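Each remark here refers to the structure printed beneath this line.
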Amino acid sequence: MKIPFLPFTRYSTYREYRYCHLFLIGSLLLGSPPYAHSEYLGENTWIPNGEAVPNQVIVKLKSQIQAADITALQGELQVSAVIDNFSFIGAEVWQINGMDSLTAAAVYKNDPRLEYIEPDYLVSAAALPNDSSFSKLWGMHNTGQTGGKTDADIDAPEAWDLATGGNTIIAVIDTGVDYTHPDLKENMWVNTKEIAGNGKDDDRNGYVDDVYGYNFVSNTGDPKDDQSHGTHCAGTIAGRGNNGNGVAGVNWQAKIMALKFLSATGGGSMSGAIAALQYAVKMGAKLSSNSWGCTNCFSQALSDAIKVAGNSGHLFVAAAGNHGKDNDGSQISYPSSYDLDNIVAVAASDHTDNLASFSGYGLKSVDLAAPGVDIYSTLPGNKYGSYSGTSMATPHVSGVAGLLWSAKSSLTFKEIKQCLLSGVDKIPAFSNLMVSGGRLNAYNALKCATGGGGGGGGGKQAPAAVLDVIPWFGLCLTLDGSKSTDPDGSIVSYSMVFENKLTSGEEVPANPDSLDIQTAQVSEELSSLAAPGAIMTVCFIKPGTYQIKLTVTDNDGLTGSIMRSISFTLPKLSESVAGGISVNNNEYAAQASLKLLTDKVDVSGEITVKSEHVGQLADIVVFADVTVPGIEGIIHFMLGETDATFPILEAWDEDLSHLIPFKNGVTLEAIQPVPIYKNVFYYPGTVKVYLGYRLADGTLVSSAGEGGVPIDIIVLE
């Protein structure tokens with residue numbers, strides 16, 4: 001039954017009998033199944049002059065094209081298969097037999113049935129393998145140990161005095177990643193909604209067994225690296241720091257999403273890259289590291305894909321190429337040279353702060369340089385080695401971008417890019433070779449991003465962390481760190497992390513309101529949940545004891561922490577307790593004759609999207625007003641997206657511009673489904689749920705106001 005929201009919504013209910021708790025966030029469906037891409041078995045060199053996959057084209061049809069015209073066009077091109085469908089840019093990959101791809105693109109360039117048709121260009125990894133035994137990370141900290149110039153580095157140790165990273169998801173779009181490597185395995189992104197190896201698409205995102213990412217070469221859920229290039233890049237981005245083993249990446253704790261589209265030979269296609277980027281955006285990666293490309297291979301489809309990713313706030317870091325040419329001239333390297341504001345194009349510098357001989361450059365098209373010669377990092381099979389290339393420079397920048405986002409999650413990609421470029425060490429020789437005229441400096445970029453200063457604190461005092469725990473209702477509580485203080489500065493960031501889940505026994509205590517601090521044994525790890533600010537509200541789905549750690553960082557880079565162990569209990573309900581749930585004026589009002597907690601519902605919504613917004617990327621928002629017996633006033637909250645076991649409810653100040661996304665980067669459909677909540681309700685009261693979406697330009701369309709009707713959920717005693 002449709003609810004007359006303006007401009008949306010619909011709900012559905014489903015009864016199950018299982019004991020659980022309020023506000024376990026549901027997952028969204030994330031698109032159609034992927035298809036395998038053509039594998040290019042070529043040399044591991046920079047692909048020149050627009051070489052393409054034979055008999056394969058990327059096409060975008062006119063929006064008003066008739067079915068008969070599509071049939072006729074496919075007949076002319078002798079299309080034998082539609083290999084892939086990129087819904088987020090409205091393009092498809094066709095296998096054709098009537099002519100080769102370059103000829104087809106030329107012949108049909110101005111066909112009125114098409115927005116565009118282009119070859120599926122070949123790309124390659126931007127690395128030059130080097131068997132050197134060099135094992136010092138001069139790019140992080142250069143003391144002249146390799147015969148180079150002292151401090152010709154990114155000032156990583158100075159940056160690490162301020163921050164060492166966090167849970168920012170960084171997609172490595174490459175040859176895959178060895179996710180079992182001891183220096184990488186703890187920093188791999190994990191799709192917690194997918195069950196490994198069961199052959200099912202558990203999270204219904206269109207990809208089977210995509211636990212660590214996806215393999216677009218073999219069309220499987222295993223993105224393990226069979227070439228070494230992607231693993232090497234991943235180690236520079238996020239080799240586990242301070243673990244007494246191997247190397248330290250720029251970002252010690254980032255989450256690497258492994259997306260393999262380059263084959264064992266280091267080659268791949270534009271269509272594979274687009275598929276990987278589409279996955280990265282849909283699955284929540286804030287930035288991607290792209291150490292690959294080709295020369296004179298402009299692709300409108302890839303340009304559109306990167307632009308659409310930018311509309312979702314995604315930063316695309318790209319290698320400037322290994323052709324040693326001016327990207328502003330006749331030998332243009334892509335994707336780094338697209339004129340898009342969410343691209344950071346990276347050249348390679350050496351240990352003397354000179355431009356590497358192989359590196360692409362360009363005063364208009366290349367943004368900055370980073371270390372890219374004899375870079376030591378991780379290799380598959382628990383190994384390490386040195387490679388050179390703009391491929392090796394790119395992950396330095398990707399790692400720093402992730403470091404900035406982990407330090408201040410509210411930054412936009414434009415702010416991240418601005419800090420990367422404004423924070424460079426100016427190199428006179430680079431002044432006419434790239435936009436910034438300098439080489440990456442992690443410390444300066446981090447100071448720019450946080451507004452803080454000072455490497456080691458200069459003898460200043462560390463901040464004191466204070467964590468208040470405020471029961472909310474049911475198994476929900478508010479964690480308030482706002483009373484934390486800094487004696488000689490200011491606190492610039494707060495991080496709340498659930499580190500362990502503790503057991504508290506099998507029996508459920510009778511007192512529903514107890515909040516006891518107790519000691520117990522660790523039984524399993526919890527997913528880390530980072531709070532964006534000083535205050536966070538969180539709900540749990542079962543009783544137990546949990547450890548919560550608050551860490552505050554001040555403007556001098558100094559930190560203070562406090563740990564709390566918090567025990568949750570549920571009431572015992574007698575068999576005489578009766579209750580039920582009413583949704584939208586008793587349209588679902590089945591009574592639970594014995595126990596309120598056995599009544600389970602599935603509440604979901606539908607947004608009727610404005611016609612002019614269909615097909616655009618948007619963030620879905622979910623917010624609600626709650627009234628609870630015995631609690632004065634209305635509680636306002638918003639649901640934020642999370643892959644963690646326990647959903648985060650953020651306190652909300654009723655300012656629509658402050659709403660955080662419930663789901664990032666959704667391509668809007670005419671009727672947009674929004675699974676909201678599938679569980680039981682623990683506490684009596686009324687919940688008024690509102691839905692909305694925010695476009696890339698900031699426009700918010702919601703069911704609040706304008707005569708909109710909320711989903712009313714009434715939990716009865």
Side-chain angles (χ1 to χ4, degrees), residues 29-42 47 50-63 65-109 111-123 173 199 201 204-210 214-223 259-265 267-279 282 294 297 299-305 308 615 667:
L29 304 182
L30 295 174
S32 56
Y35 297 88
H37 296 271
S38 296
E39 179 178 351
Y40 171 61
L41 301 176
I47 300 295
E51 295 182 20
V53 179
N55 305 109
Q56 193 162 297
V57 292
I58 302 175
V59 299
K60 184 173 183 179
L61 301 168
K62 291 283 190 180
S63 59
I65 190 172
Q66 302 298 310
D69 291 330
I70 298 175
T71 300
L73 178 62
Q74 291 184 333
E76 295 167 23
L77 291 169
Q78 298 181 32
V79 175
S80 57
V82 177
I83 298 173
D84 212 336
N85 182 340
F86 303 129
S87 58
F88 78 144
I89 59 171
E92 296 179 333
V93 184
W94 289 0
Q95 182 74 40
I96 62 175
N97 299 304
M99 61 190 76
D100 67 74
S101 57
L102 294 171
T103 302
V107 170
Y108 286 85
K109 179 178 180 180
D111 192 288
R113 295 167 292 187
L114 294 170
E115 289 284 347
Y116 58 76
I117 179 172
E118 61 189 37
D120 191 359
Y121 288 111
L122 294 169
V123 300
I173 300 178
D201 181 12
R204 299 183 182 180
N205 69 345
Y207 303 87
V208 174
D209 291 338
D210 55 319
Y214 201 75
N215 185 330
F216 293 93
V217 176
S218 63
N219 191 29
T220 68
D222 186 4
L259 299 178
K260 178 176 175 60
F261 88 102
L262 298 175
S263 71
T265 62
S269 65
M270 286 287 188
S271 59
I274 294 169
L277 181 58
Q278 178 175 251
Y279 180 99
K282 287 184 176 180
C294 52
C297 55
S299 166
Q300 187 63 55
L302 181 58
S303 178
D304 287 350
V308 170
T667 301

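Predicted model only: the values in this text are computed from it and were never measured.
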Do [X] side-chain atoms and [Y] backbone N/O form a donor-acceptor pair below 3.5 Å?
X	Y	answer
Tyr121	Glu51	no
Asn55	Met99	yes
Asp120	Val53	no
Asp209	Gly199	yes
Glu118	Gln300	yes

(message) Could you measure the distance from the CG atom of Leu73 to the CH2 atom of Trp94? Nearest 0.5 Å is fine.
(response)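 The CH2 atom of Trp94 is 4.5 Å from CG of Leu73, to the nearest 0.5 Å.
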Which pair of non-hydrogen atoms, one from [X] and one from [Y], has the smallest distance, and what is that distance?
X	Y	value
Val57	Ala104	CG1-CB, 4.3 Å
Ser271	Ile58	N-CD1, 4.2 Å
Ile117	Val59	CG1-CG1, 3.6 Å
Pro119	Ala52	CB-CB, 3.5 Å

(request) State, with a plain yes or no, whether a side-chain heavy atom of Ser218 is found less than 4.5 Å away from one of Lys260. (result)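 No. Closest side-chain heavy atoms not under 4.5 Å.
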(request) Classify the angle between the aromatic ring planes of Tyr279 and Tyr214 as parallel (below 30°), tilted (30 to 60°) or perpendicular (above 60°). (result)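 Ring orientation, 0 to 90° scale: parallel.
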(message) Counting neighbours of NZ on Lys62 that are heavy atoms of other residues, nucleotides or ligands and sit closer than 6.0 Å, is the number greater than 12?
(response)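 Yes - once you tally the heavy atoms of other residues, nucleotides and ligands closer than 6.0 Å, there are more than 12.
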